[in-house]
Amino acid sequence: SMGATPYVEFRWVGNESGFAGDPCYETIDPKALEVETTSLLNSGTLGGSRFLPAEVDVSTRPGWFYHPEQDEEVKDVERLVRLWYQSIGRGCMMLLNFPPDRRGLIHETDATNALEAHRLISRMLSVNLAADGRAVSDQSRCSAYEAQNILVDSDDLFFAAAEDADQVTITLSLPEKRRFNTFVIGEYVPLGIRIGGYRISAKVEGEWMLLKDKKSMGYLWAEYFDEVCSDEIKIELYEFLAPPVIRCFGLYHMEIDPFRDKKMETKARDLVKGKSARVLYQEKGAVVEFGGIYSFNTVMFNGKGIWHYRLEAFDGSNYYEVYRGIRPEERQVIRLKNRVEGAYQIRLITEIPGNESLNLSVYDL
């Protein structure tokens with residue numbers, strides 16, 4: 001209840017779709033809990049007065065209970081791994097719901113997918129490709145808190161920057177070039193959440209390549225990126241409330257691409273961006289006019305703040321429903337079983353006003 005705010009030890013993440021914000025600070029101001037400001041619950045607040053990590057809740061199915069007609073809509077392995085990056089990988093706890101079926105058992109598909117996702121994540125984290133590297137920084141506070149500590153698997157050792165440091169750089173050298181697509185980094189949280197901006201880069205073919213520029217780190221932040229091959233990595237800390245203290249850093253290789261859907265957006269033609277297309281934002285949702293007659297089978301949009309939605313297509317005379325969904329993801333991907341042929345426009349109906357943040361895309365993949 002709202003009256004329990006002074007006593008809680010963690011917070012709701014602000015959605016039931018399985019993703020935390022980016023950034024997602026583990027600190028927050030209590031007022032965001034008292035009125036359930038979902039955007040702040042999702043992101044937290046750097047410098048907030050309470051340390052309240054987020055709990056991310058999501059089901060293996062579209063809803064919390066079992067329905068046999070949803071046996072084909074169970075989250076697949078790729079999606080479950082992606083949810084790990086977007087929850088535990090953002091410093092949160094994950095509450096994954098498994099609805100028992102009418103036998104009182106977890107359905108075979110739900111169990112199999114979850115076990116395979118767990119196997120992939122565990123296998124990735126079992127080999128830190130940076131463990132035998134050498135980390136150095138000229139901004140270490142002293143030898144007891146040297147940069148090499150971030151590569152030691154211990155909660156008692158950490159890197160601490162000098163008191164007067166305004167920017168901090170740690171460079172990491174590996175014995176040879178290695179392929180990786182994930183990094184994991186974390187602060188030493190007993191001394192507080194301090195970091196509000198950092199960059200991770202790798203030297204590839206003699207040039208520094210930016211892998212990620214992030215805002216929050218907290219106890220643990222895991223980030224997936226396109227695979228690189230490198231033996232030199234650079235960590236740059238450029239925004240912090242107090243001298244940074246880094247607990248751990250690791251480089252890993254995930255066997256699958258859990259963000260494949262996002263990459264489709266750059267490889268296929270987005271009908272929303274056609275020369276004749278236009279988007280009309282409405283009180284509840286948006287209409288996309290294609291400027292011609294097109295076929296499509298995939299629709300993507302920003303699901304933040306949306307609980308229920310309906311997708312309709314216009315055939316020149318009437319709108320007809322092609323999909324209905326609940327609890328969208330951070331980047332919602334609708335893959336239609338049957339391609340919509342010959343549509344003039346689509347209408348996305350939501351319970352919140354439409355605006356540019358919907359970031360609609362439509363593809364024929």
Side-chain angles (χ1 to χ4, degrees), residues 13 15-24 42 54-62 72-98 109-130 178-186 200 202 209-214 216-218 220-229 250-268 298-304 325 327-335 359 361 363 365:
V13 79
N15 65 71
E16 294 184 349
S17 302
F19 64 87
D22 183 4
C24 184
N42 200 235
E55 181 181 76
V56 177
D57 52 318
V58 64
S59 179
T60 57
R61 292 174 173 252
E72 301 300 319
E73 298 183 64
V74 178
K75 291 179 175 61
D76 59 21
V77 173
E78 183 180 84
R79 191 169 175 188
L80 289 172
V81 173
R82 181 166 72 245
L83 289 175
W84 179 88
Y85 277 96
Q86 294 174 331
S87 58
I88 295 173
R90 293 179 180 176
C92 303
M93 298 164 283
M94 188 182 197
L95 193 163
L96 182 60
N97 177 68
F98 290 87
T109 303
D110 304 54
T112 299
N113 291 358
L115 288 170
E116 177 61 12
H118 177 267
R119 186 192 71 82
L120 288 169
I121 294 166
S122 298
R123 181 168 173 172
M124 174 186 75
L125 295 176
S126 69
V127 180
N128 181 358
L129 298 168
R178 292 168 180 169
R179 297 185 179 277
F180 50 90
N181 55 20
T182 296
F183 70 73
V184 174
I185 193 168
I200 310 290
M209 173 187 294
L210 177 65
L211 301 179
K212 291 291 178 178
D213 189 336
K214 309 306 296 184
S216 62
M217 182 184 298
L220 182 146
W221 193 276
E223 194 74 24
Y224 181 91
F225 45 85
D226 289 336
E227 180 186 284
V228 297
C229 183
L251 298 171
Y252 303 90
H253 191 273
M254 169 54 65
E255 297 175 31
I256 65 171
D257 183 352
F259 292 88
R260 183 174 59 89
D261 291 331
K262 287 190 173 184
K263 296 185 174 86
M264 290 179 183
E265 302 176 44
T266 60
K267 296 179 181 178
T298 304
V299 177
M300 303 180 185
F301 63 91
N302 177 11
K304 288 185 177 181
R327 301 185 182 94
E329 294 190 59
E330 183 177 31
R331 184 59 173 162
Q332 181 66 23
V333 180
I334 303 171
R335 292 196 187 101
N359 196 18
S361 294
Y363 302 98
L365 300 175

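We're numbering straight along the sequence, starting at 1.
Contact between Asn359 and Arg331 at its shortest, heavy atoms only, is O-NH1, 2.8 Å. Here the shortest heavy-atom pairing between Phe180 and His253 reads CA-CD2, 4.1 Å. Listed here is the closest heavy atom pair of Asn181 and Met254: OD1-N, 2.8 Å. Closest non-hydrogen pair, Trp221 versus Gly21, comes out as CH2-O, 3.9 Å. Residue Asn302 comes nearest to Lys304 through the heavy atom pair OD1-N, 3.1 Å, listed as atom of the first residue, atom of the second, then distance.
Taking a 6.0 Å sphere around CZ of Arg119, one finds it holds more than 12 heavy atoms contributed by other residues, nucleotides or ligands.
Tyr363 is listed as a side-chain neighbour of Met300, based on a closest heavy-atom distance under 4.5 Å. Counting heavy atoms from C-beta outward, Val58 and Asn97 have side chains that stay 4.5 Å or more apart. Residues Thr298 and Ile334 have side chains not in contact (no heavy-atom distance under 4.5 Å, counting atoms from C-beta outward). The shortest distance between side-chain heavy atoms of Met94 and Leu83 falls below 4.5 Å. Side-chain contact between Tyr224 and Val81 is absent, with no heavy-atom pair separated by less than 4.5 Å. At a threshold of 4.5 Å between non-hydrogen side-chain atoms, the residues Asp22 and Lys214 count as touching. Looking only at side-chain heavy atoms (C-beta outward), Arg82 and Arg260 stay at 4.5 Å or farther from each other. Considering only heavy atoms from C-beta on, Glu255 stays 4.5 Å or farther from Met124 through its side chain.
For Arg179, the salt bridge (Lys or Arg N to Asp or Glu O under 4.0 Å) partners at least two apart in sequence or on another chain are Glu227. Residues that satisfy the ring-ring contact (aromatic ring centres under 6.0 Å, His included) test with Phe301, not counting sequence neighbours, are Tyr309. Applying the side-chain contact (heavy atoms from CB on, under 4.5 Å) rule to Asn128 yields the partners Ala130, Ala131, Tyr252; only residues at least two apart in sequence or on another chain are considered. In this structure, the side-chain contact (heavy atoms from CB on, under 4.5 Å) partners of Ala20, at least two apart in sequence or on a different chain, are Val13, Cys24, Val56, Arg90, Cys92. Remark: Thr109 engages Val74, His107, Asn113 in a side-chain contact (heavy atoms from CB on, under 4.5 Å) (not counting sequence neighbours). Leu220 pairs by the side-chain contact (heavy atoms from CB on, under 4.5 Å) definition with Val184, Ala222, Arg247, not counting sequence neighbours.
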Kindly indicate, with the supporting measurements, whether the criterion side chain to side chain contact (heavy atoms under 4.5 Å, CB included) is fulfilled by Val228 and Met209. CA-CA 9 Å; Val228 297; Met209 173 187 294; 3.8 Å; yes
Could you walk me through whether Phe225 and Ile200 satisfy the side chain to side chain contact (heavy atoms under 4.5 Å, CB included) test, starting with their C-alpha distance in whole Å, then the side-chain angles of each, then the deciding distance to 0.1 Å, before giving a yes or no? CA-CA 11 Å; Phe225 45 85; Ile200 310 290; over 6 Å; no
If you apply the rule salt bridge (charged side-chain N to carboxylate O under 4.0 Å, His left out), what do you find for Lys75 with Asp110, and how did you get there? CA-CA 8 Å; Lys75 291 179 175 61; Asp110 304 54; over 6 Å; no
Taking it one step at a time, do Leu120 and Val77 satisfy side chain to side chain contact (heavy atoms under 4.5 Å, CB included)? CA-CA 9 Å; Leu120 288 169; Val77 173; 3.6 Å; yes
Derivation of the side chain to side chain contact (heavy atoms under 4.5 Å, CB included) call for Arg79 and Glu329: CA-CA 10 Å; Arg79 191 169 175 188; Glu329 294 190 59; 2.2 Å; yes
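Once rounded to the nearest 0.5 Å, the distance linking CD of Glu223 with NZ of Lys212 reads 4.5 Å. Taking CD1 of Ile121 as the start and OG1 of Thr182 as the end, the distance is 10.0 Å to the nearest 0.5 Å. Expressed to the nearest 0.5 Å, how far OG of Ser59 lies from CG of Leu96 amounts to 7.0 Å.
In this structure, Arg178 contributes its side chain and Leu129 its backbone to a donor-acceptor pair below 3.5 Å.
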